[in-house]
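Notes for the one structure printed next.
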Amino acid sequence: MATDAIVVGAGIIGGSIAWRLSQLGLRVCLVDAGRVGGEASWAGAGMLAPGGEIEERTPWADFAVESLRLYPRFIEELEAESGLSIDYQRLGAVEVVVSPEATIQFEARARLQAELGIPSFPLGARQMAERVPLARKEVAAVRFYPEDAIVDPRDVMHALHAACLRRGVEIREGWRVDSIRPEPSSVEVISGNSVLRSTAAVLAAGAWSSQIAAEGFSLPVSFPVRGHLIGFYLEPGSLGPILRSGHTYMVQRANGFTIAGSTQERVGFNRTPDPALFAAIHQRAAELIPLLAGRAPDESWIGFRPALESGSPAIGRLEDTALWLAYGHFRNGILLAPATAGRMAGEITTNSRTGSPALPCTK
């Protein structure tokens, strides 16, 4: 099959880019060393919550707010094209501070976020109890973020897989890319003795991206940040909005499965779970939801977030070549998928039509 674009990496970022490119009429090949959505996208909790992430103005803060705005249409369109339903809920988020000493910084952050387009407002004890009846009652301060949402990334990946196939995207699972040979108007993607050639390519292999050599170029170095998560089967609708405090969060799927997380560990691609870290998350979750203290988690797992030392993702064209980079989204790959896919599809198709000069890669 002749291709106009090759996308390396079939997580939520790569899958979304492949889908958008195919919508614009490009012949697309999507390749992955494993299976579609089998790594970070499978493991993620699915919070769409700039309110829990952003603490200062950066280009990526604005990008995150924009991507959240795009999400309802993204989900609606993806459901229509795939024929599958996606668990997407815009229930907001309740954030609590337990220590009175932390309330000044808590309120200052909320004022800054309001200036960035992330609204929130305080809740009293009765309002808190009404919105999250399972939550602990002894807190120093509470704010509600009405625009935060959640999505099941596994649903999104199933839908992207189906939508890509319906659009004629060629999907190659178990196809490990060894190197990429980028030129100004073409790209070769190499796996063993096999070579795919195209007029454009996107490297979106998450934490594994910089392990793939781009011949003649130095890529921003990606690395994994492992996270442990646990889950409980609770009554559907019993939690309500996202609940978070410090580095602890809880989200509930429509079926009642409630996820608590998480940890951040730089241990390479070590897939051996640490029972002590699962226990620590359980303890923190029980401090927020007391009824969890007396029950064991029903599920536990780990995932690898793709990070860069800069703290910002690499999104853009690699110098004057036909290779684009889209990786390093860290904790926000699911949130940033609609905006990243839109930007990549727009840049690639504009460049292919006009031969426009290279756009810089943000490192």
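More than 12 heavy atoms of other residues, nucleotides or ligands sit less than 6.0 Å from atom CD of E287.
A salt bridge (charged side-chain N to carboxylate O under 4.0 Å, His left out) check over residues 111-140, counting only residues at least two apart or in different chains, returns nothing.
With salt bridges taken as basic N to acidic carboxylate O contacts below 4.0 Å, none links E319 and R317. The pair R69-E66 meets the salt-bridge criterion, with a side-chain N (NZ, NE, NH1 or NH2) lying under 4.0 Å from an Asp/Glu carboxylate O. For R176 and D32, the salt-bridge test fails: no basic side-chain N is under 4.0 Å from an acidic carboxylate O. A salt bridge links R331 to E53: at least one charged side-chain nitrogen sits closer than 4.0 Å to a carboxylate oxygen. Classification of E265 and R305 as a salt-bridged pair fails, no side-chain N sitting under 4.0 Å from a carboxylate O. Look at R244 and E95 and you find a salt bridge, because one of the NZ, NE, NH1 or NH2 atoms lies within 4.0 Å of a carboxylate O, short of that distance. Salt-bridge annotation for D87 and R253: absent, with no side-chain N of the basic residue lying under 4.0 Å from a carboxylate O of the acidic one. The existence of a salt bridge linking E309 and R266 is confirmed by a sub-4.0 Å separation between a basic side-chain nitrogen and an acidic carboxylate oxygen.
Side chains of T321 and E183: no donor on one and acceptor on the other come within 3.5 Å. In this structure, a donor-acceptor pair under 3.5 Å is absent between the side chains of H228 and S262. Side-chain contact check for Q23 and E81: at least one donor-acceptor pair (N or O, by modelled atom type) lies under 3.5 Å. E79 and Y88 share no donor-acceptor pair across their side chains, judged by distance under 3.5 Å alone. In this structure, a donor-acceptor pair under 3.5 Å is absent between the side chains of R167 and S22.
Tested against I6, the residues V177, L203, L323, L196 include a single side-chain contact (heavy atoms from CB on, under 4.5 Å) partner, L196. Checking I334, T340, L336, V151 one by one against I12, the side-chain contact (heavy atoms from CB on, under 4.5 Å) holds for a single residue, I334.
What you find for L68 and P72 is that their closest heavy atoms are O-CD, 3.7 Å. Taking every heavy atom of both residues into account, F278 and L229 meet most closely at CE2-O, 3.3 Å. For the residue pair A322 and V187, the shortest heavy atom distance occurs at O-CG2, 3.2 Å. Looking at every heavy atom in both residues, A200 comes nearest to I348 through CB-CG2, 3.9 Å. Closest heavy-atom contact between I180 and V8: CD1-CG2, 4.4 Å. Listed here is the closest heavy atom pair of T103 and A140: CG2-CB, 3.9 Å.
Under a 3.5 Å cut-off, the side chain of S300 and the backbone N or O of I230 do not form any donor-acceptor pair.
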Practice problem: Assess whether side-chain hydrogen bond (donor to acceptor under 3.5 Å, both in side chains) is satisfied between W175 and S191, documenting all intermediate values. | Solution: CA-CA 7 Å; W175 206 83; S191 175; 4.5 Å; no
query = How far apart are the C-alpha atoms of S120 and R143, what are their side-chain angles, what is the distance that settles it, and do they pass the side-chain hydrogen bond (donor to acceptor under 3.5 Å, both in side chains) test?
reply = CA-CA 6 Å; S120 66; R143 294 195 74 88; 2.9 Å; yes
Stepwise, does the side chain to side chain contact (heavy atoms under 4.5 Å, CB included) test hold for H329 with I315? CA-CA 9 Å; H329 293 72; I315 302 178; 3.7 Å; yes
message: The test is side chain to side chain contact (heavy atoms under 4.5 Å, CB included); show your working for V36 and M157 and say whether it passes.
response: CA-CA 7 Å; V36 172; M157 289 311 309; 3.6 Å; yes
* Asked: Could you go step by step and tell me if H282 and F232 meet the ring-ring contact (aromatic ring centres under 6.0 Å, His included) rule?
  -> CA-CA 10 Å; H282 189 187; F232 304 84; 5.5 Å; yes
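Criterion: ILVMFWY side-chain heavy atoms under 4.5 Å apart, direct or through other members. Under it, L234 and V251 are not part of a common hydrophobic cluster. Taken together through direct or relayed side-chain contacts under 4.5 Å among Ile, Leu, Val, Met, Phe, Trp and Tyr, I242 and I86 form parts of separate hydrophobic clusters. Y327 and V189 fall within a single hydrophobic cluster, where Ile, Leu, Val, Met, Phe, Trp and Tyr side chains are chained together by heavy-atom contacts under 4.5 Å.
Between W19 and F74, the ring centre distance stays below 6.0 Å.
When side chains are defined from C-beta on, S245 counts as touching V98, because their heavy atoms get closer than 4.5 Å.
Under the 6.0 Å distance and 45° angle rule, R226 does not count as a cation-pi partner of F269.
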Using atom types as modelled, flag every donor-acceptor pair under 3.5 Å from a side chain in residues 288-299 to any protein atom, sequence neighbours excluded.
from: R295; atom 1: NH2; to: Y233; atom 2: O; distance (Å): 3.2
from: D298; atom 1: OD2; to: Y233; atom 2: N; distance (Å): 2.8
from: E299; atom 1: OE2; to: Y233; atom 2: OH; distance (Å): 2.6

